[in-house]
Amino acid sequence: MRRPLLERYRDRLPVGPDTPIVSLLEGDTPLVPLKGPPEARERGVRLFAKYEGANPTGSFKDRGMTMAVSKAAEHGAAAVAAASTGNTAASAAAYAARAGMKAIVVLPAGYVAAGKVAQSLVHGARIVQVSGNFDDALRLVRELTERYPVTLVNSVNPFRIQGQKTLAFEVADELGRAPDYHALPVGNAGNITAHWMGYSELYEDGTLETRPRMLGFQAAGAAPIVRGEPVAEPKTVATAIRIGRPASWEGATRARDESGGAIEAVTDEEILRAYHYLAHGEGLFVEPASAAGLAGVWRWLREGRIEDGATVVLTLTGHGLKDPGTAEREVRLPDPVPPTLDAVARAAGL
Ligand SMILES: *Cc1c(COP(=O)(O)O)cnc(C)c1O
């Protein structure tokens, strides 16, 4: 039977005998070998996708949330709060429901994908929309949790990063070694920090002989780490990484520098090309932010920056159903046809 993430990796996590484990049986997501793209196949580069959309609420945030909400429960919290571009809110709402706690989520009004809002609402979170961006929401929720008896469950809560490092453990378990490269989108930068922590712990205790080079990709309109300064008004179709002042900035640059990796920007056009390729070419439906890793790796492949025969893992961070709005904008639904065989066959292209 499937076991809670915190039980599977108990000895590598801050889980004590008195920690009540709040779980929805998260993690253990598929590591799917990709067929392409051709630029990889031709050169014997093996790409694997860690499909985090298979988590209970449809994103990797569940790995951190099971840890953060379990610790909040251990410390007797009655309520948790988070600022969110959407997936943290959905996950906090679900795990708080599971724990019988109240969840408060602060969202940037108008920039959260529909699926994530629906999840937060139906799980019963108290939703506060602010007319500002994610960075405003995070600042406010930090102040709120300092002033009121509510536990902050953003990735500035160190337990979130602890839970999220398990993704690296699963990849190492499955491959039996570290990949040569691990690529992922970077928003608030907690996840790249967590991935690097996970690989580094296995490397330091001798479980792994190498660590991957970490490749982080920001959206061009929201690329503070690439530019070296905060972005006041971040813009991108990839709402999950629409962040101008990442909380884990330092963790991200450390992961980049210690691993010999890179943090670069990809355009919305490149992100959407990767989004369509994953869905149509590989059968993996992801939300736009999740495609940023492949968008970047694709460019590295074209520029010959990844050596022949290398193993590359991509974290596909969230499910495509999270953001039906982008899908509908990207692919036009055809008009209805009369209910006759002829009309249907013609419309079906037969
Ligand atoms: C949160 C999130 C990200 C960004 O992760 P960070 O830890 O903030 O860098 C990327 N993609 C999706 C789908 C997310 O939910």
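Just so it is clear, the values below take in all heavy atoms, side chains as well, and ignore hydrogens, waters and symmetry mates. Quick caveat: nothing in here was measured; it's all calculated off a predicted structure. Indexing begins at 1, ligand by ligand and atom by atom, following the structure's order.
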(Q) Using side-chain hydrogen bond (donor to acceptor under 3.5 Å, both in side chains), reason through Asp323 and Tyr275 one step at a time and then give a plain yes or no. (A) CA-CA 12 Å; Asp323 188 354; Tyr275 167 88; over 6 Å; no
Q | Audit row: Asn55, Glu26, side-chain hydrogen bond (donor to acceptor under 3.5 Å, both in side chains) steps and yes/no | A | CA-CA 5 Å; Asn55 275 299; Glu26 53 292 311; over 6 Å; no
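Using a 4.0 Å cut-off to heavy atoms of Ala289, the atoms of ligand 1 that qualify are 11 (N). Listed by number with element, the atoms of ligand 1 under 4.0 angstrom from any heavy atom of Gly318 are 13 (C). Interface of Gly190 with ligand 1, defined as ligand atoms under 4.0 Å from a residue heavy atom, comprises 6 (P), 7 (O), 9 (O). For ligand 1, the atoms lying closer than 4.0 Å to a non-hydrogen atom of Ser290 are 13 (C). Near Val186, meaning under 4.0 Å from any of its heavy atoms, are these atoms of ligand 1: 9 (O).
Using cut-offs of 30° and 60° for the angle between ring planes, the His75 and Phe159 rings count as tilted.
Remark: ligand 1 and Ser59 share no N or O pair separated by less than 3.5 Å (distance only, no angle test). The shortest N or O to N or O distance between Lys61 and ligand 1 is under 3.5 Å. Considering backbone and side-chain atoms alike, Glu287 places every N or O at 3.5 Å or more from each N or O of ligand 1. For ligand 1, none of its N or O atoms has an N or O atom of Pro185 under 3.5 Å away. Looking at Asn188 next to ligand 1, an N or O pair under 3.5 Å apart turns up. Checked against a 3.5 angstrom limit, the closest N/O atoms of Phe60 and ligand 1 fall outside it.
Note that Arg12 lies in the cation-pi zone of Phe169, set by a 6.0 Å cut-off to the ring centre and a 45° limit from the axis.
Considering only heavy atoms from C-beta on, Leu175 comes within 4.5 Å of Val313 through its side chain. Taking the side chain as every heavy atom from C-beta outward, Glu282 and Leu34 approach each other to under 4.5 Å.
Contacts between Ile241 and ligand 1, counted as non-hydrogen atom pairs separated by less than 4.0 Å, involve the side chain only. Of all the heavy atoms of Ala189, the ones lying under 4.0 Å from any atom of ligand 1 belong exclusively to the backbone.
In this structure, atom 7 (O) of ligand 1 lies nearest to the protein heavy atom Asn191 N, 2.8 Å. Summary of contacts: the protein heavy atom closest to atom 13 (C) of ligand 1 is Thr317 OG1, 3.1 Å.
Electrostatic pairing of Glu270 and Arg273 does not count as a salt bridge here, judged by no charged N lying under 4.0 Å from a carboxylate O.
Within 6.0 Å of OH in Tyr111 there are 12 or fewer heavy atoms belonging to other residues, nucleotides or ligands. Atom CD of Glu307 has more than 12 heavy atoms from other residues, nucleotides or ligands within 6.0 Å.
To the nearest 0.5 Å, atom CG of residue Leu167 and atom CZ of residue Phe60 are 9.0 Å apart.
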